[in-house]
Protein chains: 2
Amino acid sequence: MSGKRKGLGRATVHDVAKLAGVSSITVSRYFKQPDVVSEALRLRIAEAVQTLDYLPNQAAGGLASTRGRIVAMVIPNISGPIFANTIQSFSDVLNRHGYQLLLASSYFSVEKEEDAVRAFLGWSPAALVLTSQYHSAGTERLIAKAGIPIVETWDYAPERQPLQVGFSHLEVGRQAVEYLHGKGHRRIAFVQNSLVGDLSALDRRDGYMARMTEQGLEPWVFVPTEADPFEAGRQAINSLLQRKQPAEAVIFANDNLAAGGMLAGLRAGMRFPQDGAIFGFGNYAFSELLLPSLTTIRPPAREIGEVAALRILQALGEVEIEGEIPHLNLLDCELIQRESA
Amino acid sequence: MSGKRKGLGRATVHDVAKLAGVSSITVSRYFKQPDVVSEALRLRIAEAVQTLDYLPNQAAGGLASTRGRIVAMVIPNISGPIFANTIQSFSDVLNRHGYQLLLASSYFSVEKEEDAVRAFLGWSPAALVLTSQYHSAGTERLIAKAGIPIVETWDYAPERQPLQVGFSHLEVGRQAVEYLHGKGHRRIAFVQNSLVGDLSALDRRDGYMARMTEQGLEPWVFVPTEADPFEAGRQAINSLLQRKQPAEAVIFANDNLAAGGMLAGLRAGMRFPQDGAIFGFGNYAFSELLLPSLTTIRPPAREIGEVAALRILQALGEVEIEGEIPHLNLLDCELIQRESA
DNA sequence: CTCAACGATGTTACCGGTAACATTGGCGAG
DNA sequence: CTCGCCAATGTTACCGGTAACATCGTTGAG
């Protein structure tokens, strides 16, 4: 019947147009700018759409208009305890406005990130979201000439070009010292994660070191050799608390390490915070379930996703905004005081 | 220079073709079937691609070939403690084969699921993955005539049409009873979650009830009124263990409930498993960090993602397979014995 | 030596929408 | 009554690829 090349077998604008007795562009307008189509035609088209179960082909629309309704996001990992919230809220806000999320994981590898960005760009996404400010040179080149809104989340690097939506890891480190110092502790140690790649964690360490120095205290950084976070935590507790001059408080690079360390201590008969204050980062789901519950800092994970989505929608003109779109979005972390410190 | 309509400004096949002195279809073949292009042209094209930073436009390719390289997935929620692993492994396997993942959350609502499916179909995905076997009538209609591979994960419903990749929730319920019964417990209670929508959890409850009855024991189901899982757990522990004839063992619908219950008990001075065995489901990340650590059943979350992706790739002819593609894929759960039961 | 078969490459049209411009009819101002 | 403007709708071509078929030069069997 039709040409030699068969499509998907689904109804097209042309089918709808024919059935409704209008031209295809009118059907297109019915979806994109309903207000310019007269009431009478709107009704006829609506009926035809209903009858044919018509669904607009997004690939075709995106190709023709050169404005695809896809937003791409590279995240270190989906299943980690923190980033999931960012993805969730980001995706929800986008979906609500008819955009779809394309997702890939970098596992903290800048090479994997670059691969993902390259693959994404083939889809002509409307915008691109990256995690952290640390990328490969290739990624930098790609995003520089992508010509779409770019958002960097999680970190906060005011000097960089892409939109920033995140928080200051440096400040987190300082805040932890501040809190523990206020509690009277002086020998405050920091346990780094040995996981290569999570460069933001090093910023927290640097904040810790800076604040310690300012207070006239000597920084004391422990770097575990174990890769498994729970093992690494155990290692740290053993080393820091089982010595002549034990640490009075231990700041861990994240809640996993903190939980591992605390658990090892508890099983060895220690008690917290009596035998040492334990301080985490991340406010993972389990942190309030531990006994003692874990004092930690909650990063604005959900908020990051929401704000990032909002800024993108604004940049795309989908959401009204008066004035400039803020280039810098510094969100607040929340120190959650519980029992362990 | 060119027509009145400007594209994305990026290099196209035609640009590459002109630079390499070949026709555009040859460039297309260079990417799709490199072996039919002669070595000489391959080199010339490779150079042109390099020079122009050419990236194939996936939307155009998908439109022309009617085979898009997108796979869509609807999941109850991204940030939950279980599904993230499925998404992660699913996405990784797909990415490795050049497919991209389109993601949306249903929050256990069949209406939201239907909306997501409708939105997805506009992208002509190569395949569609749903969670659980429970859908709206609209969703059933949509997937019936979608004409692409459909996979249902998480549940296992052999009688249904879509490919099944999951495990038997009924069996999980039975398995828990089996284990506790073997430990000598007779008064075994089940704590349901009050979260409307997670219908699979009810299958676990039904398995529990069936096995109890088979053993000549009386099922004892507690339905919390609290929505918050930790609060609900507390409520359950209070009701089940603080009575004249307390339960000897409590099976919780998931680890969140179990952790909430156990924590409430511990804070009230109880000890586990002495004052009651605690049994969860899900093997959430924190379960081994609790004190006592939580006995639970690990669902094959990661495996589900991997197998689902593999079956899809086979159905699409991307991965070799001899014989039929198995319609049923029943994966094993793992009972993880720890300290709480 | 002839011709069919085959490998390598090109031509044309089409996938399903939409931008840009054209057309039509109704209405109010002059 | 004529003209100009505007709102509603249509025509045409194009977005960037690829399916289908055509073409051309080689090669090997008969």
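Quick note on labels: first sequence line is chain A, next is B, and so on, each numbered from 1.
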Check the phosphate of D:dT18 against B:Tyr30, side-chain N and O only, distance under 4.0 Å to OP1 or OP2. Yes or no?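 For B:Tyr30, the contact criterion (side-chain N or O under 4.0 Å from OP1 or OP2 of D:dT18) is not met.
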Please confirm whether the shortest side-chain N or O distance from A:Thr12 to OP1 or OP2 of C:dG16 is below 4.0 Å. no
Flag side-chain contact, heavy atom, 4.5 Å: [X] against [Y]:
| X | Y | value |
| --- | --- | --- |
| A:Leu316 | A:Ile312 | yes |
| A:Gln100 | B:Phe120 | yes |
| A:Ile70 | B:Ile70 | yes |
| A:Glu152 | A:His135 | yes |
| A:Leu102 | B:Leu102 | yes |
| A:Leu331 | A:Tyr156 | no |
| B:Leu130 | B:Thr139 | yes |

Main-chain N/O of A:Ala126 paired to A:Arg67 side chain as donor or acceptor, under 3.5 Å: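 No; zero donor-acceptor contacts below 3.5 Å.
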Would the distance check show the side chain of A:Asp15 and the main-chain N or O of A:Thr12 forming a donor-acceptor pair, the cut-off being under 3.5 Å? yes
For the base of C:dG16, is there a side-chain donor-acceptor partner from A:Arg10 under 3.5 Å away?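 Such a pair does not exist between side chain and base.
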Any side-chain donor paired with an acceptor under 3.5 Å for A:Gln88 and B:Tyr107? yes
For B:Tyr99, give me all partners under ring-ring contact (aromatic ring centres under 6.0 Å, His included), at least two apart in sequence or on another chain.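 With neighbours one apart ignored, the set is empty.
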To the nearest 10 degrees, what angle separates the axes at the start and end of the helix from C:dC1-D:dG30 to C:dG30-D:dC1, five pairs each?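 That helix gives 50° between its end axes.
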Sub-4.0 Å heavy-atom contacts from [range] onto DNA chain C, ordered by number:
| range | answer |
| --- | --- |
| residues 13-26 of chain B | B:Val22, B:Ser23, B:Ile25, B:Thr26 |
| residues 56-72 of chain B | B:Leu63, B:Ala64 |
| residues 31-50 of chain A | A:Lys32 |

If you measure from the Lys or Arg side-chain nitrogens to the Asp or Glu carboxylate oxygens, is any gap between B:Arg160 and B:Glu140 under 4.0 Å?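 The answer is yes: the pair qualifies as a salt bridge.
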To the nearest Å, how far apart are A:Leu52 CG and C:dG16 C1'?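 Going from CG in A:Leu52 over to C1' in C:dG16 covers 15 Å.
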What side-chain donor-acceptor pairs closer than 3.5 Å can you find for residues 18-36 of chain B, not counting sequence neighbours?
residue: B:Ser23; atom: OG; partner: B:Thr26; partner atom: OG1; Å: 3.4

